[in-house]
Amino acid sequence: MTEDVLRTMLAARSGLSSEGLWVQAHLVPREFGVSWPLTDRQAETVVAGLLDRLCQVHPPPVPDSVGGGKEAGAGRRYVYLSEITDRYQRCDTRRIVERIHRRGATPALPDFGGVDYDPRSERGWGAARPAAPDAGGRASWGWWHAVRKAGPRPLYRMPDPYTGEDEPPVDRALALRDEFGDGGAYRDALAAAVREDPRQIDCWAHLGTEAFTRADSDMAVLPDALGYYQTAVAVAELSLPAVFSGVLAWDELDNRPFHRALHGLGLTWWRLGETERAAAVFRNSLWTNPDDNQGIRYLIGQTETGVPWHRADLE
């Protein structure tokens with residue numbers, strides 16, 4: 001197999017353009033200790049290795065001196081996606097993240113005039129919560145004890161998720177779906193929007209939700225949902241400081257696309273049987289939005305104890 005044929009093969013399996021894979025293919029002899037032309041067996045080994053490298057996560061910005069893991073998300077700081085998994089589902093996610101990182105992402109800024117979120121104020125859930133189920137089901141409250149213990153934390157606002165003066169592309173895509181009932185056009189419009197500007201995290205999140213819904217009839221598309229949600233979260237995280245312990249209130253509209261992406265990512269990992277990863281994402285959601293406008297308090301206990309996914313749990 002020649003270099004050009006291998007590059008075409010890698011492009012087909014990665015979803016990336018053949019032209020953008022020239023360096024990877026050109027370095028195969030040096031990186032894998034082989035020579036052209038490759039045998040079919042060598043080609044399969046090389047492609048598998050290159051796909052693995054393309055999907056490796058962008059390193060987290062957290063200094064080595066800062067603690068991580070479950071404790072971080074339960075009451076110290078936000079835990080980055082690349083601390084939860086070492087691989088992206090999509091082969092282009094790392095390239096997208098690195099490109100935006102090099103150009104400089106717009107940072108999240110203090111919001112509401114520098115006012116803190118105080119869990120002991122009237123806004124909070126109180127010192128003790130009932131263990132009995134309520135209208136939403138049975139909630140878990142261990143995360144809330146950690147939030148109360150952390151005390152007041154600064155409120156932040158994510159950058160405007162919609163660039164430019166035109167109608168947001170996610171709204172245009174939704175109009176196609178709602179007005180004409182055209183799911184394919186909706187999906188294509190969202191995909192075109194993220195190709196044009198991969199910072200459109202709400203479009204990534206809506207792509208994830210569309211694939212997550214289609215998985216009800218075709219589970220083969222569920223990994224697509226995972227890839228879309230991961231990309232949305234990874235791009236959004238570029239706006240956070242290296243050690244983020246603030247609050248991204250749902251009240252601030254610019255924060256909602258990020259919360260939608262986190263919610264979808266947690267649900268998708270849960271549905272795929274990755275309950276530990278799902279729980280880590282849900283802890284991030286509750287840590288950054290303790291008001292819990294999405295009802296994640298009803299989900300986190302199930303994922304933390306390894307309860308398998310079932311749609312009835314969400315109804």
Side-chain angles (χ1 to χ4, degrees), residues 60 62 66-85 116-156 229-230 233 236-237 240-241 243-252 255-256 258-315:
V62 182
V66 176
K70 185 175 180 178
E71 181 183 355
R76 291 177 57 189
R77 65 172 177 83
Y78 178 90
V79 179
Y80 284 87
L81 178 60
S82 50
E83 298 178 272
I84 299 172
T85 182
D116 286 345
Y117 171 86
D118 187 352
R120 298 178 183 273
S121 68
E122 294 181 358
R123 181 172 183 171
W125 291 97
R129 300 300 306 165
D134 57 27
R138 185 180 295 278
S140 299
W141 294 103
W143 63 272
W144 174 245
H145 300 319
V147 169
R148 277 180 60 86
K149 183 178 179 180
R153 291 183 289 139
L155 287 158
Y156 276 79
Y229 283 132
Q230 284 182 336
V233 170
E237 287 178 344
L240 301 179
V243 180
F244 181 62
S245 59
V247 172
L248 296 165
W250 182 265
D251 296 352
E252 174 53 66
N255 293 338
R256 293 186 182 184
F258 185 29
H259 286 306
R260 283 193 283 267
L262 286 172
H263 187 203
L265 178 57
L267 290 177
T268 305
W269 257 328
W270 187 11
R271 197 170 180 180
L272 287 167
E274 298 281 357
T275 53
E276 289 188 10
R277 287 174 175 163
V281 174
F282 288 151
R283 283 192 290 270
N284 273 338
S285 293
L286 292 166
W287 174 247
T288 55
N289 181 35
D291 289 344
D292 188 27
N293 309 80
Q294 298 167 291
I296 292 170
R297 61 190 179 279
Y298 300 109
L299 312 179
I300 189 169
Q302 297 178 69
T303 54
E304 287 184 327
T305 55
V307 174
W309 160 272
H310 194 279
R311 181 166 293 281
D313 294 327
L314 308 180
E315 297 175 348

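Contact detail for Thr275 and Gly306: the closest heavy-atom pair is OG1-CA, 3.9 Å. Of all heavy-atom pairs between Ile300 and Thr303, the closest is O-OG1, 3.0 Å. The two residues Pro119 and Pro152 have their closest heavy-atom pair at CD-N, 4.0 Å. Of all heavy-atom pairs between Thr85 and Gln230, the closest is CG2-NE2, 4.3 Å. Considering all non-hydrogen atoms of both residues, Glu237 and Val79 come closest at OE2-O, 4.3 Å. Smallest separation of non-hydrogen atoms from Ala236 and Phe258: CB-CD1, 3.5 Å.
To the nearest 0.5 Å, atoms CH2 (Trp144) and CZ (Arg148) are separated by 6.5 Å. One finds the CD atom of Glu252 at 10.0 Å from the CG atom of Leu155 (value rounded to the nearest 0.5 Å). Between atom OG1 of residue Thr288 and atom CZ of residue Phe244 there is a gap of 7.0 Å, rounded to the nearest 0.5 Å. One finds the CZ atom of Arg283 at 8.0 Å from the CD1 atom of Ile84 (value rounded to the nearest 0.5 Å). A distance of 9.0 Å separates CG in Leu286 from CD in Gln294, rounded to the nearest 0.5 Å. Rounding to the nearest 0.5 Å gives a distance of 15.5 Å between CD1 of Ile296 and CH2 of Trp287.
Counting heavy atoms from C-beta on, the side chains of Val247 and Tyr156 never come closer than 4.5 Å.
Under the rule for a side chain to side chain contact (heavy atoms under 4.5 Å, CB included), the partners of Ser82 that lie at least two apart in sequence or sit in another chain are Val57, Pro60, Tyr80. In this structure Arg153 satisfies the salt bridge (charged side-chain N to carboxylate O under 4.0 Å, His left out) test with no other residue, sequence neighbours excluded. Partners of Asp251 under the salt bridge (charged side-chain N to carboxylate O under 4.0 Å, His left out) rule, at least two apart in sequence or in another chain, are Arg123.
Of the possible polar contacts, one joining the Asn255 side chain to the Ala249 backbone as a donor-acceptor pair under 3.5 Å is found. Remark: side-chain polar atoms of Asn284 are not paired, donor with acceptor, to backbone N or O of Tyr78 under 3.5 angstrom. Side chain of Asp292 to backbone of Arg297: a donor-acceptor contact under 3.5 angstrom is found. With Trp309 contributing its side chain and Leu267 its backbone, the two residues share no donor-acceptor pair below 3.5 Å.
Using a 30° and 60° split on the angle between ring planes, His259 and Trp250 fall in the tilted class, from 30° to 60°. Between His263 and Phe282, the ring-plane angle classifies as tilted under the 30° and 60° cut-offs. Taking the six-membered ring where the residue is Trp, Trp143 and Trp125 present perpendicular rings, their angle passing 60° and hence far from 30°.
The side chain to side chain contact (heavy atoms under 4.5 Å, CB included) with Leu81 is formed by just one residue from the set Leu265, Val281, Leu262; it is Leu265.
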